[in-house]
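Below you'll find the structure, written out as structure tokens, and then a few comments.
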Amino acid sequence: MSRRTSSPSHTVSNAEPRVHPRAPEIQPFGTVTHAMHLELEEPVRLEMTEQLNQLLADAMTLRDLYKKSHWQVAGPTFYQLHLLFDKHFNEQVEIVDLIAERVQLLGGLAIAMAHDVAETTRIERPPRGREEVPVLFSRLLDAHQIIIRHSRTLAERATQLGDQGTNDLMVSDVLRTNELQSWFLSEHLVDTPLVRAVPAASQAAD
Ligand SMILES: [Fe+2]
């Protein structure tokens, strides 16, 4: 049996919880770890994690915009939209997790806290108050557009750099889900009558 060589402070048992510890960071934000077995060079992983973090901040903002809309929507279509917005929220939750874990997998650090997300996102900040349904749709569609555009360019760049995993994430998960959600939203903005069809004569008068 080997002798204990640790200091006395490590050998004395103490049942007191060690609360409120603070210590320096073990990895600064914006860096990637050196030793990875991914066959992706550090500059590639740096560029991909930076781009993914931008997309992540936007996806987190869109996710929260969906919850705001889920809670605050009002009007005759309340129930339908209340459910739709929460469905899209839950799908965005999954996307956020996939992007964040891709950043970590590449050796980077995923942006996580609301303060940092607010400083990073390109999505316009909505008011705290309640807005009309068409405005909710407009905000959500604008946010989707930002994410769709970025996921396409990021998919192409990832392929150029040999990062097929990020390309797949962009196309299979981020792009397709956001395209589908955008379609579901935009169909609500077609101005069709709810009960009575508009006669041909009055359509021509318009
Ligand atoms: Fe709810």
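Just so you know, ligand 1 is whichever comes first in the structure, and atom 1 is the first atom listed for that ligand. These numbers come from the heavy atoms of this one structure, side chains and all, not from hydrogens, waters or symmetry mates.
Each salt bridge (charged side-chain N to carboxylate O under 4.0 Å, His left out) pair with one or both residues in residues 88-109, not counting sequence neighbours, appears once here: K87-E91, R102-D163.
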For residues 127-137, which side-chain N or O atoms pair as donor and acceptor with protein atoms under 3.5 Å away, sequence neighbours left out?
unit_1: R130; atom_1: NE; unit_2: Q72; atom_2: O; d: 2.9
unit_1: E131; atom_1: OE1; unit_2: R139; atom_2: NE; d: 2.7
unit_1: E131; atom_1: OE2; unit_2: R139; atom_2: NE; d: 3.4
unit_1: E131; atom_1: OE2; unit_2: R139; atom_2: NH2; d: 3.0

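With sequence neighbours left out, R45 forms a salt bridge (charged side-chain N to carboxylate O under 4.0 Å, His left out) with no residue at all.
If you check the side chains of E179 and W183, you find no donor sitting under 3.5 Å from an acceptor. When only modelled atom types and interatomic distance are considered, D168 and Q164 share no side-chain donor-acceptor pair under 3.5 Å.
Heavy-atom contacts from other residues, nucleotides or ligands closer than 6.0 Å to CD of Q104 number more than 12.
Of all protein atoms, those that are N, O or S and lie under 2.8 Å from the Fe ion (ligand 1) total 1.
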